[in-house]
Participant: 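If you scroll down you'll find the structure; I have some questions about it.
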Number of protein chains: 2
Amino acid sequence: MKNKDDISKKPLTPAMEDYLEAIFNLGKEKRVVRVKDIAKRLGVKMPTVTSMLNTLSKRKLIDYEKYEYLELTKKGFNVGKEIHRRHHILRSFLTDILNVDLKKADKEACKMEHAVSASTLDRFIEFMEFIQFCPRVGLDWLKYFDEYRLHGQEPDKCLARMKEFESGFKGRIKTMEVVEDKK
Amino acid sequence: MKNKDDISKKPLTPAMEDYLEAIFNLGKEKRVVRVKDIAKRLGVKMPTVTSMLNTLSKRKLIDYEKYEYLELTKKGFNVGKEIHRRHHILRSFLTDILNVDLKKADKEACKMEHAVSASTLDRFIEFMEFIQFCPRVGLDWLKYFDEYRLHGQEPDKCLARMKEFESGFKGRIKTMEVVEDKK
DNA sequence: AAACTATATTTGATACATCTAATTATCACT
DNA sequence: AGTGATAATTAGATGTATCAAATATAGTTT
């Protein structure tokens, strides 16, 4: 006979993930996690939270007895942490690279976090690392993106920018060569 | 008395948007759009499609009489086209910039398209334009991202890359100056 | 400890998207 | 025109996430 409800392999819904993330975050911010706070954080009413807590409890993602303090299980903690990580990375991408304002970035990251696989997320990370560390066109370079956004593509400026890049590179190459020589 | 069901200002659900996009795409691929094809495209059963067609019809997004050919209304067409555009742009970003494989990119773009606002989408576009057109580090530059992904950050290579960039820039600056002079 | 307030839960309802099984319509062919 | 195959719809059910109203519990204050 098959397992009656083999719940363990059913994927979590986006809503469940959002609750776990919220509980994870609240757990770091406050001594105890309250229904009221979860409701506020997620913009839902308290009965909705209670109902979801029962679901999460059935799926062994939280320890929960009614009217008592609730805690993430190991499993729930890992999910919450992972979703938080996704949120953080995607929001960084939106704010630091695309220059989206924080509030909007936060809202959109919250939806994107359910759309993007772990491997794609890794690409986002690598891409951001690449921009910042190697070949170190990073932060300066992104300022030009800003200018591009605001003023469009202006050939003269483009030339000027490239000259700046060139001399910037010269400086950096020197610095790096010195470091290399020391080794 | 208020409008009985002021449906016009209710936002569309992601599912509705997916159906409109699918109908939009099928409309371009085939003479007529069939329930069966929509079902196949979206991975749902036919009754689900029928039911959604009724919803879309009530909301004046399609012209639909049962058993007859269906067509997008002007409004539905615009939504379908917009969602298609989002899909396309996000997928491009994933495949062309982050190097995610096409199939995965397609699946993830399909979820991301409901998470990203029009203004953020514009930033994605501008960012991709910026990478490709100005300051023209574009395609070459992305090859280095690939290498970075695969081999990590290797200082020697980083230096080599920067030297390449520098000389590449020199060449381009020359070319551009010639063009500028002609003006 | 009694009373009041804040917090949480239960109950019952709604909306949405989906499914299976049963039914009905359309189309193509002989 | 009748029949069989394909396509579409209806009917009825399920699961998820939400809400408002009513109720119950916990915590605080006098």
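Please read these numbers as outputs of a predicted model, since none were measured by experiment. Only this structure's heavy atoms are used, side chains among them; waters, hydrogens and symmetry mates stay out. Throughout, a chain's letter reflects where its sequence line sits, starting with A, and its residues are numbered from 1.
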Participant: What is the distance, rounded to the nearest whole Å, between atom NE2 of B:His114 and atom P of C:dA17?
Facilitator: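 Rounded to the whole Å, the gap is 11 Å.
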Participant: Return whichever of A:Tyr69 or A:Thr13 has its heavy-atom-nearest nucleotide of DNA chain D closer to the 5' end.
Facilitator: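 Looking at DNA chain D, the more 5' nearest nucleotide goes with A:Thr13.
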Participant: Looking at C:dT18, I'd like to know if its phosphate oxygens (OP1 or OP2) sit under 4.0 Å from a side-chain N or O belonging to B:Ser51.
Facilitator: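 Checking C:dT18 against B:Ser51, no side-chain N or O comes under 4.0 Å of OP1 or OP2.
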Participant: Using a cut-off of strictly less than 4.0 Å between a heavy atom of the residue and any atom of DNA chain D, enumerate the qualifying residues of residues 40-48 of chain B by number.
Facilitator: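 Per residue number, the list reads B:Met46, B:Pro47.
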Participant: Rounded to whole Å, how long is the line connecting atom NZ of B:Lys66 with atom C1' of C:dT23?
Facilitator: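 Rounded to whole Å, this separation is 11 Å.
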Participant: To the nearest angstrom, how far is B:Lys58 atom NZ from C:dA17 atom P?
Facilitator: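 That distance rounds to 12 Å.
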Participant: CG of A:Asn54 versus P of C:dT10: gap in Å, rounded?
Facilitator: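 These atoms are roughly 7 Å apart.
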Participant: Going 5' to 3' along DNA chain D, which are the first and last nucleotides with any atom under 4.0 Å from a heavy atom of chain A?
Facilitator: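 Result: D:dT16 to D:dT25.
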Participant: Output the rounded distance in Å from CD1 (A:Ile38) to P (C:dT7).
Facilitator: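 Value for this atom pair: 14 Å.
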Participant: Specify the residues of residues 21-34 of chain B, ordered by number, for which at least one heavy atom lies under 4.0 angstrom from an atom of DNA chain D.
Facilitator: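 Result for residues 21-34 of chain B: B:Arg34, sorted by number.
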Participant: Rounded to whole Å, please give me the gap between CG in A:Asp37 and P in C:dA6.
Facilitator: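 Atom CG in A:Asp37 sits about 15 Å away from atom P in C:dA6.
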Participant: Which label fits B:Phe127 and B:Phe93: parallel for a plane angle under 30°, tilted from 30 to 60°, or perpendicular past 60°?
Facilitator: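 Ring orientation, 0 to 90° scale: tilted.
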Participant: Under a 4.5 Å side-chain heavy-atom rule over Ile, Leu, Val, Met, Phe, Trp and Tyr, are B:Val44 and B:Val33 clustered together?
Facilitator: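 Yes.
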Participant: Could you check how far NZ of B:Lys10 sits from P of C:dT14, rounded to whole Å?
Facilitator: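 It works out to 14 Å between those atoms.
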Participant: So, taking the atom named CG in B:Asp18 and the one named NZ in B:Lys111, what distance separates them when rounded to the nearest 0.5 Å?
Facilitator: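 Rounded to the nearest 0.5 Å, the CG-NZ separation comes out at 11.0 Å.
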Participant: Nearest 0.5 Å, please: how far is CG in B:Leu42 from SG in B:Cys110?
Facilitator: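 These two atoms lie 8.0 Å from each other.
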Participant: Please confirm whether the backbone N or O of B:Lys60 pairs with a side-chain atom of B:Thr73, one donor and one acceptor, at under 3.5 Å?
Facilitator: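 Indeed, once roles are kept as given, a pair shorter than 3.5 Å links the two residues.
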Participant: What distance separates B:Lys66 NZ from B:Glu68 CD, expressed to the nearest 0.5 Å?
Facilitator: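 Answer for the NZ-CD pair, B:Lys66 versus B:Glu68, is 11.0 Å.
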Participant: What is the distance, rounded to the nearest whole Å, between atom CG of B:Leu12 and atom C1' of C:dA17?
Facilitator: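 Computing the B:Leu12:CG to C:dA17:C1' distance gives 15 Å.
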Participant: Nearest 0.5 angstrom please: A:Phe124 CZ to A:Met112 CE, how far?
Facilitator: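 Between atom CZ of A:Phe124 and atom CE of A:Met112 there are 4.5 Å.
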Participant: Could you check whether atom CD of B:Glu65 has more than 12 heavy atoms from other residues, nucleotides or ligands sitting under 6.0 Å from it?
Facilitator: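 At most 12 heavy atoms, drawn from other residues, nucleotides or ligands, come within 6.0 Å of this atom.
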Participant: For C:dA6, take OP1 and OP2 only and decide whether either is under 4.0 Å from a side-chain N or O of A:Tyr67.
Facilitator: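 Negative; the distance criterion is not met.
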Participant: Rounded at 0.5 Å granularity, tell me how far CZ in A:Arg59 sits from OG1 in A:Thr55.
Facilitator: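 Between atom CZ of A:Arg59 and atom OG1 of A:Thr55 there are 8.5 Å.
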Participant: Without swapping roles, check the side chain of A:Arg123 against the backbone of B:Leu98 for a donor-acceptor pair under 3.5 Å.
Facilitator: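 A pair under 3.5 Å: yes.
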Participant: Out of curiosity, B:Lys107 NZ to B:Lys104 NZ, how far, rounded to the nearest 0.5 Å?
Facilitator: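 If we round to the nearest 0.5 Å, B:Lys107:NZ and B:Lys104:NZ are 7.5 Å apart.
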